[in-house]
Amino acid sequence: MLNRKNKEDIVLDMVVYTFMIIFLLTIIFPFWQLLVDSFSSKATANELGFKLWPTEFSFESYKEVILTDVVKMAYFNTIYRTVLGTITCVLITFCAAYPLSKRKLPFNKILTMMVIFTMFFSGGLIPEYLVVKNLNLINNRLVLFLPLIANGFYIMVMRNFLYSIPEELEESAFLDGANELTIAFKIMMPLSKPIIATISLFAAVLFWNEWFQAMIYVRDPDKTVLQLLLRRIIQENQISDLMIEMGGDDATKPVSEDSVRAATMFITIGPIIAAYPFAQKYFIRGMMTGAVKG
Amino acid sequence: MKNTISNSVINEIGLTYKNKKRGKLMKDLRRYKFLYLLILPSILAFIIFKYAPLYGIQIAFKDYKFSKGIWGSEWVGFKYFIKMFSEDTFLLVLRNTFIISFGKILTAFPCAIIFAIILNEIKNIRFKKISQTISYLPHFLSWVVIAGVFKELLSYNGPVNGLVDLFGGQRTLFLIKQNYFVPIILLSNIWQTIGWGSIIYLAAIAGIDKQLYESADIDGAGRIKKIINITLPSLVPVMLILFLIRIGHVLNAGFNQIFNLYTPIVYDVADILDTYTYRVGLENMQFSYSTAIGLFKNAFGVSLMLFVNNLTKKVKKYGI
């Protein structure tokens, strides 16, 4: 590469770096503002204008938000659905992807078609609602993840990965006297660790962020999830529920609405922001594996 | 004599072949017994949550009443489909869906490509990696959160209005103005997808033959010329395929995003198929009508996908 630092190079570099910095700021800035708001004391939270640092630093909002029953239940439910949902989903995915990765399996093509079909055609909102209703799952905590464990896309991604494991491995295991069960769980599964990690992360993020199913299938407030709570606070300005639980009236409350809203948002996205930089390589790899056949 | 012998020999061979085939099938089924057992729970999950609802689709052709159940409700044929196309609201919703979807394709699509090219031009590896990571953040957040962020930004006392004020303009509540709503949708969509969407293009750029750039160097081409004449054309195949796939999804205009940002005031421009289906079904309780709309969307979507899939195959085959 020639090292000419001519005019074009300099101008281009300037443009590129300037654009990127401005763009990155548009992402960082709103979240930084919210972060600052969440750590602001009641007196300073409502100040107008852009703040780089809380005028008055305070943990009050977080303390109050975390201590309310509403938030505690929402956090519990979110973790419940994410953990159970991810485990179940990965198991169901592996149970389908592994057999489907065996090209010699009779009826393989039909089964694969049936999985792919569900990726493009679905019953729709009402028929799915009726199924859940007829299973008596409405308002049951299980509905927070069960309807979502059958995922055609994940199965295809995992299957594509399993294709890459050489058949010779299986054949030599057979020769050594192993049966299908041993092969599947003692050999294939450990070898599939990367793809299992990928699908787990896909599923975990899906469950953590999911709100619509929770909204239509669950009525009880003690079964709500973080995203729903956040949505109620943002959309319907129902921050009053939260505030009422904190006790006192407007004057004596130790926190401001804006601050509480910001704090709630951060406890919801906190885990995601913390985890995604480390998880991104799995996501990218997973997307590539899926896209190749897609 | 000779004929009957050869006939019976042929019959023998035919029978043994059929028996062998059936025998092979039975042997296969027995041999793969474990795999079938393994796939059983997944099949169950699919039947319950994906195929059972398909049975319920029939209520699009019935006057579904809760009390009567699916069986008891009476058939009304295409009543609801006729209703769809004769209703102004539905046609408006359809129009909005296309406008917003095409708008997204026209705006976000080029932006992802440009972003990938810009990223590729960043020489400092550290800065490049950090930029990428930060740009992926919006992709990992739910629209509940992103809508919250934008509502803050666009609020009366928010930063955007602050800027407007600074330049002497009048503060406006952007999200409830019909003129501003769709542009906000398009912009926020770019914001959310530009980072993640550039991944595939970056991967494609990485695959371009380095010699092309080297010979361009020798010919005295500057960076911009290289981008226009080498990078962009090489990306065309990828662009085409992704574009076709996106067209196949044209009826999905972004339920999560719109549902969290819209208000009744802007229904006229904001309502898309999915939000309309939701309100008709779960708010107005018109189950049959809602299912009919959903069925229309699915059927149209699938036909579009099949058509697009065919096109994609042709593109891949003939190259560009």
Side-chain angles (χ1 to χ4, degrees), chain A residues 2 8-9 12 16-17 19-20 23-24 26-28 30-31 34 48-50 92 95-96 98-99 102 105-106 111 114-115 118 120-128 130-131 147 149-150 180-181 184 205 209 211-212 216 227 230-231 234-235 265 268-269 272-273 276-277 280 284 287-288 291, chain B residues 25 28-29 32 34-36 38-39 41-42 45-46 48-50 52-57 59 118 121-122 131 133-138 140-142 144-145 147-149 151-153 157 159 162 191 199-200 203 217 222-224 256 260 277-278 281-282 287 290-291 294-295 298 301-302 305:
Chain A
L2 298 161
E8 190 202 14
D9 263 344
L12 196 63
V16 160
Y17 278 90
F19 166 82
M20 192 51 84
F23 171 73
L24 293 179
T26 66
I27 297 185
I28 301 177
F31 292 105
L34 281 168
L48 288 178
F50 169 54
I92 294 280
C95 286
Y98 180 66
K102 304 276 175 234
L105 185 76
L111 288 172
M114 293 186 70
V115 169
T118 67
F120 300 111
F121 198 90
S122 74
L125 188 60
I126 301 297
E128 283 175 14
L130 289 177
V131 166
I149 59 179
E180 288 273 9
L181 184 76
V205 171
N209 282 339
W211 56 275
F212 184 66
I216 61 178
Q227 299 285 342
L230 198 60
R231 198 189 117 84
I234 292 174
Q235 300 292 311
M265 192 175 292
T268 308
I269 64 179
I272 300 258
I273 297 192
Y276 95 92
Q280 55 172 321
I284 297 179
M287 230 182 60
M288 292 299 172
Chain B
L25 186 64
D28 273 341
L29 284 175
Y32 292 108
F34 169 73
L35 291 178
Y36 286 123
L38 190 65
I39 207 177
S42 309
F46 267 79
I48 298 178
F49 292 111
K50 300 282 180 186
L54 293 182
Y55 173 75
I57 285 189
I59 69 177
I118 291 184
E121 289 297 317
I122 294 183
S131 305
T133 304
I134 297 183
S135 73
Y136 299 157
L137 175 62
F140 284 95
L141 301 173
S142 77
V144 168
V145 170
V149 165
K151 280 195 168 190
E152 267 302 309
L153 287 176
N157 289 320
W191 186 82
I199 292 183
I200 268 200
D217 258 338
R223 274 159 79 185
I224 297 186
N256 274 327
N260 277 302
T277 316
Y278 166 79
L282 288 183
F287 294 147
S290 174
T291 310
L295 181 57
N298 262 319
V302 166
M305 295 256 214

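Atoms considered below: every heavy atom in the structure, side chains included; atoms not considered: hydrogens, waters and symmetry mates. As the structure is a computational prediction, the values presented were derived from the model and not from experiment.
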Report task. Might you point out which heavy atoms bring B:Ser42 and A:Ala96 nearest each other, and give the distance in Å? Result -> OG-N, 3.4 Å
Report task. Could you tell me which non-hydrogen atom of A:Pro99 sits nearest to which non-hydrogen atom of B:Ile39, and how far apart they are? Result -> CG-CB, 3.9 Å
Query raised in the report: Side chain, backbone, both or neither: which part of B:Leu38 has an atom under 4.5 Å from a heavy atom of chain A?
Result: both
Query - Interface residue of largest heavy-atom contact number with chain B, from A:Val205, A:Leu12, A:Leu125, under 4.5 Å - result: A:Leu12
Query raised in the report: Does any heavy atom of chain A fall under 4.5 Å from the side chain of B:Ile48, the backbone, both, or neither of them?
Result: both
Query raised in the report: Quick one: does A:Leu130's side chain get under 4.5 Å of B:Ile59's, heavy atoms only?
Result: yes
Report summary line: Residue from A:Ile284, A:Ile149, A:Ile273, A:Thr268 scoring the most non-hydrogen pairs under 4.5 Å with chain B is A:Ile284
Report task. Side chain from CB out, backbone as N, CA, C, O: work out which of these in A:Leu181 comes under 4.5 Å of a heavy atom of chain B, or both, or neither. Result -> both
Query - Portion of B:Leu141 that has a non-hydrogen atom of chain A nearer than 4.5 angstrom - result: both
Report summary line: Counting heavy-atom pairs under 4.5 angstrom with chain A, the leader among B:Thr277, B:Leu137, B:Ile224 is B:Leu137
Query raised in the report: By a 4.5 Å heavy-atom criterion (distance strictly below it), what part of A:Leu230 contacts chain B: side chain, backbone, both, or neither?
Result: both
Report summary line: Greatest number of non-hydrogen atom pairs under 4.5 angstrom with chain A, of B:Ser142, B:Gly301, B:Gly281, falls to B:Ser142
Query raised in the report: Where does B:Pro159 contact chain A at under 4.5 Å (heavy atoms): side chain, backbone, both or neither?
Result: side chain
Query - Most chain A-contacting option - heavy-atom pairs closer than 4.5 Å, from B:Ala203, B:Gly294, B:Ser131 - result: B:Ser131
Query raised in the report: What part of A:Glu128 lies closer than 4.5 angstrom to a heavy atom of chain B: side chain, backbone, both or neither?
Result: both
Query raised in the report: Roughly how far apart are A:Leu105 CG and B:Leu35 CG, rounded to 0.5 Å?
Result: 5.5 Å
Query - Proximity breakdown for A:Leu34 and chain B, heavy-atom pairs closer than 4.5 Å - result: side chain
Query raised in the report: So which of A:Gly124, A:Gly123, A:Cys95 has the biggest tally of heavy-atom pairs under 4.5 Å with chain B?
Result: A:Cys95
Query raised in the report: Okay, side chain of B:Glu152, backbone of A:Pro30: is any donor-acceptor separation there less than 3.5 Å?
Result: no
Query raised in the report: Considering residues at least two apart in sequence or located in another chain, which fulfil the salt bridge (charged side-chain N to carboxylate O under 4.0 Å, His left out) criterion with A:Lys102?
Result: A:Glu170
**Report entry** Sidechain-backbone polar pair: A:Gln280 side chain, B:Thr133 backbone, donor-acceptor under 3.5 Å
**Finding:** no
Report summary line: The ring pair (Phe, Tyr, Trp, His ring centres under 6.0 Å) partners of B:Tyr32 (sequence neighbours excluded) come to none
Query raised in the report: In terms of ring plane angle, is the pair B:Phe140 and A:Tyr276 parallel, tilted or perpendicular, where the classes change at 30° and 60°?
Result: tilted
Query raised in the report: Shortest non-hydrogen contact from A:Glu8 to B:Arg223?
Result: OE1-N, 3.2 Å
Query raised in the report: What is the distance from atom CD1 of A:Ile126 to atom CD1 of B:Ile57, rounded to the nearest 0.5 Å?
Result: 12.0 Å
Query raised in the report: Could you state the interatomic distance from CD1 (B:Ile134) to CG (A:Leu24), rounded to the nearest 0.5 Å?
Result: 5.0 Å
Query - Over all atoms of both residues, closest heavy-atom pair of B:Gly148 and A:Ile234 - result: CA-CD1, 3.5 Å
Requested in this report: Taking the side chain as every heavy atom from C-beta outward, state whether A:Ile216 and B:Tyr278 have any atom pair closer than 4.5 Å.
Outcome: yes
Query raised in the report: With chain B, which of A:Ile28, A:Val16, A:Ile27, A:Thr26 has the greatest number of heavy-atom pairs at distances under 4.5 Å?
Result: A:Ile27
**Report entry** chain B contact via A:Phe120 - which portion, at a heavy-atom distance below 4.5 Å
**Finding:** both
Query - B:Asn298 side chain vs A:Phe121 backbone, donor-acceptor pair below 3.5 Å - result: no
Query raised in the report: Which bit of B:Tyr55 comes within less than 4.5 Å of chain A, counting heavy atoms only: side chain, backbone, both or neither?
Result: neither
Query raised in the report: What part of B:Val145 lies closer than 4.5 angstrom to a heavy atom of chain A: side chain, backbone, both or neither?
Result: both
Report summary line: So OG1 of A:Thr118 and CZ of B:Phe49: to nearest 0.5 Å the spacing works out to 13.5 Å
